[in-house]
Amino acid sequence: MKDMQTTYDPREFEDRIYANWMKKGCFKAKIDPAKVPFTVMMPPPNITGRLHMGHAMDETMQDIVIRFKRMQGYSVLWQPGTDHASLATEHKIVEKMREEGITKEELGREEFLKRAWEWKEQYGGAIVEQLKKLGSSCDWSRLAFTMDERCSRAVREAFFRLYEKGLIYRGSRIINWCPDCKTALSDEEVIYSEDAGYFWYFKYPVEGSEEFITIATTRPETMLGDTAVAVHPADKRYSHLVGKTLILPLVGRKIPVVADDYVDPEFGTGAVKITPAHDPNDFNVGLRHNLPMIRIMADDGTINEQGGEFAGLDRYAARERIVQEMDKRKLLVKIEPHKHNVGHCHRCNATIEPIVSKQWFVKMAPLAKPAIDAVAKNKTKFTPDRFAKIYYNWLENIRDWCISRQLWWGHRIPVWYCDDCGAMTCAKEDITACPKCGSVHLHQDEDCLDTWFSSALWPFSTLGWPEETPEFKYFYPTDVLVTGYDIIPFWVMRMMFSGIRYTGKVPFRDVLIHGLVRDELGRKMSKSLGNGIDPLDIIERYGADSLRLSLITGVAPGNDTRFTEGKVESSRNFINKIWNASRFVLMNAKGVDVPKDLTGIKFAPADRWIISRLMATIREVTVALEKYDLGIAADKLTSFAWDDFCDWYIELSKSALYGDDLEKKRATLGVLMFVLTSLLKLLHPFAPFVTEEIYGYLPNREGMIIDADYPRYNSKLAYKSEAKAFEGVIELIKAVRAMKVSVNCPPSKKVHLYLMTDARRLFSVNKGAILRLAGASEIEFVENGAELGEKIVSQVTGAAQIFVPLGDLVNIEEERARLTKELARIEGEIARAEGKLANQNFVAKAPKKLVDDEYAKRDKYLEMKKKVEEQLKSIS
RNA sequence: GGGGGCAUAGCUCAGUUGGUUAGAGCGCACGCUUCACAUGCGUGAGGUCACAGGUUCAAGUCCUGUUGUCCCCACCA
């Protein structure tokens, strides 16, 4: 076999590895009754979308969980798909057509949809290809689309069921209207921002009197639809006017003055113009006082025929004209600058108009309740659990969901109206005749459903529901949903109540919530700021593995994170380290008959130590992954790989590898190979490409790492006490290194070590390693180091007292100062321990192990203190 | 008005059911042509865990309050 390239170059193998996984069908979900299923539904990206850092993080987290579970032996399904994104897509297509000078009305519904499907075929796959670059191991053969036949059937079924139970109704209510997209929006699709505006103060004359009532408005044009002025019932300033009639200026309509608690007497003038058709609060006031609702605006934001002379004007032009006219009539009192919250369309940013309109709604109260209960009863668990509160907060304050959209791209509302008898019929299959009167003169509702209506069904629509398909039975309910906290109201919530309603089961057991990926300065990445970083560009330069690692290391669940190229570099450096460590092992294994496993290997202390560390790491990483603590898992892996394995064990192994004892060399290589293989497997969910690539070079591998068993903790290999003893060797080596630095002794200068110790055997056995790593020429055991003279540096460790004669490098004064400082530190430790032990409550109430540890610690430091004191005495 | 987050080293952040001497990366200082890796190795400096109380044998961690900061929702005629 070829040797590994000397440099880590992800571009050389990532695409090849991915293609091979695909070719071998590694991602395919299989219904296997012998296995436990594990299912994740990918949040379907919009077909208009381009991969951004948010996706990259979301996908990475899912892929880590999926690969981990796959290796643990579950039968995994990671269901991918895309969302038709009704409004977003239609908006894009309309924009494109605008460039060609065509409107969708000119084109007609059918032709428009033809274009939309073409558009979907052309661009809808782009994001899918981008997801592959990340290494996502989802079952692409099951790629779903919210408007494919399966999902569309589910939508029909769901609508039909709710309709039958009266949970979907059609009614005239105030809704959010986007005059630009010309459609209704749900409350969640409106984005509010503090905008600078004005307060216009208008005088409305009281009929048959010289008196006026002054109102303030931020939207003068809506006065055309005023049907009352309201004041607070207890407001003495206006009480004499309640019940009187006003003449609405410019319009001439007679409108009443009504008293209503809704009015805040402290705000503005304490008198409010009431426009029931164009404001949600006014709408309610209108209902209470039985006021007429006069809609004065057309769908495109122009004033309609109700606006008299202003009809046809755009809303803002009308505003200007009305202010002028009022001014002319001396009815304009003043204009004040005023900041207020204005709703904007989440798609096109146009200012939303609250408008009374006939739309379809889902009655939320009966759906919300079971969704709240399911989380309260822990049937679905949020990670981190604080997001459950946010979820409750949404569902407890929820209003009915406006689901109709005046769009063409989407699921058309399955309701038909009979032109003859007027009957309204909802049907799962298209109908051609009225079931009531048999008339064939029918027309289907023109509107489409909110895109989220179909997304809400995603966990089961993709599995074939309402049919009891084998995959539905096997893979549903799903195990974990991974998504950002910003999506809870749009999607998580709606999947929850939909899943419970339609399937009787919660759609997922766990919801893993992550935060936003921000830029280096902590700002949201956005198109308008131009601060977005393209994940594909990062992959191109650093590789997907580095990107993946950088998106999860040091990130706590649910928290936002800043993306910096420095983090990617760190991850790349780490992977490079793994690459080179692997290369080291493989180079040394060349031509050697490396043991296939640990059976029969005679372990050296260092071997037991690294195996012990490996076992601890396996346990920690597994526990962390099972709790979705991906950042912690990655951190444990990194420090094991870099510190324990590379910086210590590989260095320790060199004396055996470069020595003459062939059996020892074989044994060491066996351990190296075992640990490396385990490490690669542990790392595979995080860095799938490089681990698969390296795995391919391992001599004793079987199959591919993606299908390998995840390493398991083996208590027989824990070697706890042996590992602890070996820490003494490490401590010794570190101490010697530090001693050399303290006297500016060049690291390359070999020193003669004198040790006073009870653990002679430990240090003898590991002599080779100590000499190599501490930079020593010899180890000599002595009974009394003080006899070695003054030109000496000494250091006490837990297991030994070290003496290094360094001749003229030693400055007695400095050495005395160093030892004095060391003594102070030790005395501090003793004081701390004794303080604790003097506390009777601690001794009585703390766990015995802690108390014992404290005694041991005190004794250890007392011992060290004695030695340091002796040494100080000997050089003074 | 309601809800939530955050405040830990110069910077960005971890800190897993309260329990050794609070960690990492980057940065910084000193040293290293050590035969896997300078995308590296060694050694180190650097923290009143925002503040004030409380619970506890024990608090970065739990509770209350304060300050600062960010986010979400509602309201804003």
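In what follows, chains carry the letters A, B, and so on, assigned in the order in which the sequence lines appear, proteins first and then strands, with residues in each chain numbered from 1.
The side chain to side chain contact (heavy atoms under 4.5 Å, CB included) test applied to A/Asn839 returns A/Asn841, A/Phe842, not counting sequence neighbours.
Residue-to-nucleotide contacts include a donor-acceptor pair under 3.5 Å from the side chain of A/Arg572 to the base of B/U39. On a pure distance criterion of 3.5 Å, no polar donor-acceptor pair joins the side chain of A/Tyr542 and the base of B/U39. Side-chain atoms of A/Glu651 come within donor-acceptor range of the base of B/A36, with a qualifying N/O pair under 3.5 Å.
Judged purely by atom type and a 3.5 angstrom limit, A/Asp545 uses its side chain to pair as donor or acceptor with the backbone of A/Phe689.
In this model, the phosphate group of B/U16 is not approached by any side-chain N or O of A/Lys636 to a distance below 4.0 Å at OP1 or OP2. Residue A/Arg219 places none of its side-chain N or O atoms closer than 4.0 Å to OP1 or OP2 of B/A77. Of the side-chain N and O atoms in A/Asn559, one or more sit less than 4.0 angstrom from OP1 or OP2 of B/A14. For B/A74, the OP1/OP2 oxygens have no side-chain nitrogen or oxygen of A/Trp394 closer than 4.0 Å.
Taking only side-chain atoms of A/Arg386, from C-beta outward, the nucleotide of B/A36, B/G4, B/C75 with the closest atom is B/G4. The side chain of A/Ala846 has B/C57 as its nearest neighbour among B/U39, B/U43, B/C57. Side chain of A/Lys273, nearest nucleotide from B/G25, B/A77, B/C57: B/A77.
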Which pairs would a plain distance check flag for residues 216-233 of chain A, meaning a side-chain donor or acceptor within less than 3.5 Å of a matching protein atom at least two apart in sequence or in another chain?
from: A/Thr217; atom 1: OG1; to: A/Arg219; atom 2: N; distance (Å): 3.0
from: A/Thr217; atom 1: OG1; to: A/Arg219; atom 2: O; distance (Å): 3.4
from: A/Arg219; atom 1: NH1; to: A/His278; atom 2: O; distance (Å): 3.4
from: A/Arg219; atom 1: NH1; to: A/Glu353; atom 2: OE1; distance (Å): 3.3
from: A/Arg219; atom 1: NH2; to: A/His278; atom 2: O; distance (Å): 2.8
from: A/Glu221; atom 1: OE1; to: A/Arg319; atom 2: NE; distance (Å): 2.8
from: A/Glu221; atom 1: OE2; to: A/Arg319; atom 2: NH2; distance (Å): 2.9
from: A/Thr222; atom 1: OG1; to: A/Arg219; atom 2: O; distance (Å): 2.7
from: A/Thr222; atom 1: OG1; to: A/Lys273; atom 2: NZ; distance (Å): 2.6
from: A/Asp226; atom 1: OD1; to: A/Lys273; atom 2: NZ; distance (Å): 3.0
from: A/Asp226; atom 1: OD1; to: A/Thr275; atom 2: OG1; distance (Å): 2.7
from: A/Asp226; atom 1: OD2; to: A/Tyr204; atom 2: OH; distance (Å): 2.7
from: A/Thr227; atom 1: OG1; to: A/Pro292; atom 2: O; distance (Å): 3.1
from: A/His232; atom 1: ND1; to: A/Ala234; atom 2: N; distance (Å): 3.1

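Nucleotide B/U39 holds its C1' atom 17 Å from the CG atom of A/Leu547, rounded to whole Å.
A/Lys389 comes within 4.0 angstrom of sugar-phosphate atoms only, judged by non-hydrogen atoms across all strands, and of no base. Looking at heavy-atom distances under 4.0 Å, A/Pro847 makes contact with a base.
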Margin query: side chain to side chain contact (heavy atoms under 4.5 Å, CB included), that's the test. Do A/Val323 and A/Phe202 meet it? Break it down for me.
Written below: CA-CA 9 Å; A/Val323 173; A/Phe202 290 161; 4.2 Å; yes

